[in-house]
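What you are looking at is a predicted structure, and each value in this text was computed from that prediction instead of being measured. All values below come from the heavy atoms of this structure, side chains included, with hydrogens, waters and symmetry mates left out.
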Amino acid sequence: MNPVFGQAKTGKSLMPAYGSNGKVGKYANIRGFKMYYEVYGKGSPVLMIHGNGGSISDFRNQIGYFSKNYKVIVADSRAQGKSVDVSDSLSYEMMADDYNALLTELHVDSCHVIGWSDGGINGLLLAKRNPKKVKKLAITGANLWPDTTALEPFLVKWIGSGIDSLNSVNQSQEVKAQKKLLNLMAFNPNISIADLKSVICPTLVIGGDNDVILPRHTMLIAEALPKSYLWILPDAGHSTLVVYKDVFNSVVEDFFKKPYRKEKGAAQFE
């Protein structure tokens with residue numbers, strides 16, 4: 001098997017092994033660790049940020065599509081995928097600053113951003129902390145805080161049970177790494193409604209109507225942002241960009257291409 005390509009097939013062509021592509025994969029020495037990243041395509045840059053415990057490969061349905069017209073930048077977040085970090089601390093703020101540092105390393109002054117789950121949280125914080133870096137932001141399945149007003153109660157219990165289970169076994173480096181990611185979700189993020197006022201870029205806020213992030217919380221995020229669109233997908237859970245991959249890609253690209261507008265008055269009948 002060609003080491004640059006995996007076995008997943010689309011029609012007669014082989015899909016690149018996103019996240020394990022030896023031809024394009026590189027490490028950036030930033031902020032005390034080595035961040036693994038891959039770049040595809042040319043054009044206006046688009047940064048894609050994955051969710052908790054994920055990796056570059058989570059965007060296998062998006063990378064090929066967007067790289068036809070954009071320069072796609074994808075990376076494994078700190079302490080996930082190939083971006084190993086054995087330190088005890090981990091926060092969304094740290095990861096947002098990591099992505100800002102990666103963009104600086106790649107000489108990217110500004111870009112569009114797509115964030116899934118924790119990646120959406122990182123995207124919001126990246127835009128808040130570095131407003132000039134984010135042109136437009138598309139987030140799906142993001143939350144502002146970790147309690148049952150934002151998350152399905154079973155998810156809150158699942159995270160707590162997972163931490164308890166890990167506390168009861170030998171504390172190997174692998175177990176510590178898993179606990180770090182679960183603790184991140186259990187106690188973070190802590191983003192206020194007021195914080196969102198600092199996110200000045202147009203933002204497409206996406207969620208499934210059966211998402212583990214409660215739809216009313218997704219609506220709350222959209223309402224709090226100064227410039228936002230809201231898109232709730234029917235018969236969809238947390239994986240909107242997988243279940244609705246074709247529609248998701250098309251709508252997000254359309255959002256990136258068109259000027260943001262917010263109609264008032266009679267124009268709202270259109």
Measure across [X] and [Y] and return the closest heavy-atom pair with its distance rounded to 0.1 Å.
{"X": "Ser83", "Y": "Ser77", "value": "CB-O, 3.4 Å"}
{"X": "Arg31", "Y": "Met94", "value": "NH2-O, 3.4 Å"}
{"X": "Gly123", "Y": "Val113", "value": "CA-CG1, 4.4 Å"}
{"X": "Leu144", "Y": "Ile221", "value": "CG-CG1, 3.7 Å"}
{"X": "Ser228", "Y": "Val205", "value": "CB-CG2, 4.5 Å"}
{"X": "Ala186", "Y": "Ile159", "value": "CB-CG2, 3.7 Å"}

Taking the side chain from [X] and the backbone from [Y], do they hold a donor-acceptor pair closer than 3.5 Å?
{"X": "Asp58", "Y": "Ser55", "answer": "yes"}
{"X": "Lys197", "Y": "Ala224", "answer": "yes"}
{"X": "Lys180", "Y": "Ser87", "answer": "yes"}
{"X": "Ser161", "Y": "Lys157", "answer": "yes"}
{"X": "Thr203", "Y": "Cys201", "answer": "yes"}
{"X": "Asp76", "Y": "Lys82", "answer": "yes"}
{"X": "Tyr70", "Y": "Tyr65", "answer": "no"}
{"X": "Asn21", "Y": "Lys23", "answer": "yes"}
{"X": "Glu93", "Y": "Ser91", "answer": "no"}
{"X": "Ser67", "Y": "Gly64", "answer": "yes"}

Shared hydrophobic cluster for [X] and [Y] (ILVMFWY, side-chain gaps under 4.5 Å):
{"X": "Ile56", "Y": "Leu106", "value": "no"}
{"X": "Val242", "Y": "Ile114", "value": "yes"}
{"X": "Leu166", "Y": "Leu181", "value": "yes"}
{"X": "Trp158", "Y": "Ile213", "value": "yes"}
{"X": "Val24", "Y": "Met48", "value": "yes"}

All salt bridge (Lys or Arg N to Asp or Glu O under 4.0 Å) counterparts of [X], not counting sequence neighbours:
{"X": "Asp211", "result": "none"}
{"X": "Asp254", "result": "Lys258"}
{"X": "Lys257", "result": "Glu253"}
{"X": "Arg216", "result": "none"}

Could you state the interatomic distance from [atom1] ([X]) to [atom2] ([Y]), rounded to the nearest 0.5 Å?
{"X": "Asp209", "Y": "Thr218", "atom1": "CG", "atom2": "OG1", "value": "10.5 Å"}
{"X": "Glu105", "Y": "Met35", "atom1": "CD", "atom2": "CE", "value": "11.5 Å"}
{"X": "Leu47", "Y": "Asn122", "atom1": "CG", "atom2": "CG", "value": "9.5 Å"}
{"X": "Asp97", "Y": "Leu102", "atom1": "CG", "atom2": "CG", "value": "12.5 Å"}
{"X": "Leu241", "Y": "Arg60", "atom1": "CG", "atom2": "CZ", "value": "9.5 Å"}
{"X": "Leu225", "Y": "Leu220", "atom1": "CG", "atom2": "CG", "value": "9.5 Å"}

Would you indicate whether [X], at its atom [atom1], is surrounded by more than 12 heavy atoms from other residues, nucleotides or ligands within a distance under 6.0 Å?
{"X": "Glu174", "atom1": "CD", "answer": "no"}
{"X": "Lys262", "atom1": "NZ", "answer": "yes"}
{"X": "Lys135", "atom1": "NZ", "answer": "yes"}
{"X": "Asp147", "atom1": "CG", "answer": "yes"}
{"X": "Lys179", "atom1": "NZ", "answer": "yes"}

- Quick one: side-chain contact (heavy atoms from CB on, under 4.5 Å) partners of Ser198, sequence neighbours excluded? Lys128

- Task: Please name all residues satisfying side-chain contact (heavy atoms from CB on, under 4.5 Å) with Thr240, sequence neighbours left out, ordered by chain then number.
- Result: Thr140, Ile206, Leu233, Ala236, Phe248

- Task: Hey, could you give me each pair passing ring pair (Phe, Tyr, Trp, His ring centres under 6.0 Å) that has a residue in residues 168-221? Not counting sequence neighbours.
- Result: Trp145-His217

- Which residue pairs pass the ring pair (Phe, Tyr, Trp, His ring centres under 6.0 Å) test with at least one member in residues 32-53, sequence neighbours excluded? Tyr18-Tyr40, Tyr27-Tyr36

Should [X] and [Y] count as side-chain neighbours, where that means a heavy-atom distance under 4.5 Å?
{"X": "Leu214", "Y": "Leu151", "answer": "no"}
{"X": "Asn249", "Y": "Tyr244", "answer": "no"}
{"X": "Val46", "Y": "Lys136", "answer": "no"}
{"X": "Leu184", "Y": "Asp118", "answer": "yes"}
{"X": "Met95", "Y": "Leu90", "answer": "yes"}

- Query: Taking ILVMFWY side chains as joined if any heavy atoms are under 4.5 angstrom apart, and letting links pass through other members, which residues group with Val86?
  - Reply: Val84

- Note on the structure: For Asp164, the side-chain hydrogen bond (donor to acceptor under 3.5 Å, both in side chains) test, sequence neighbours excluded, returns none

- Would you kindly say whether Ser172 and Asn170 are connected by a side-chain donor-acceptor distance under 3.5 Å? no

- Query: Cut-off 3.5 Å, side chains only: do Thr104 and Lys133 have a donor facing an acceptor?
  - Reply: yes

- Partners passing ring pair (Phe, Tyr, Trp, His ring centres under 6.0 Å) against Tyr92 (at least two apart in sequence or in another chain): none

- Return the set of residues passing ring pair (Phe, Tyr, Trp, His ring centres under 6.0 Å) with Phe256 (not counting sequence neighbours), or none when no residue passes. His112

- Task: Give the intermediate values and the outcome of side chain to side chain contact (heavy atoms under 4.5 Å, CB included) for residues Met185 and Asn143.
- Result: CA-CA 10 Å; Met185 289 193 293; Asn143 59 295; over 6 Å; no

- For Ile49 and Tyr99, what are the C-alpha separation, side-chain angles and deciding distance, and is it a side chain to side chain contact (heavy atoms under 4.5 Å, CB included)? CA-CA 9 Å; Ile49 310 177; Tyr99 278 100; 3.6 Å; yes

- Message: Can you confirm whether or not the ring centre of Tyr260 sits under 6.0 Å from the ring centre of Phe255?
- Response: no

- Task: Could you go through the side chain to side chain contact (heavy atoms under 4.5 Å, CB included) check for Val72 and Val74 one step at a time?
- Result: CA-CA 6 Å; Val72 175; Val74 278; 4.1 Å; yes

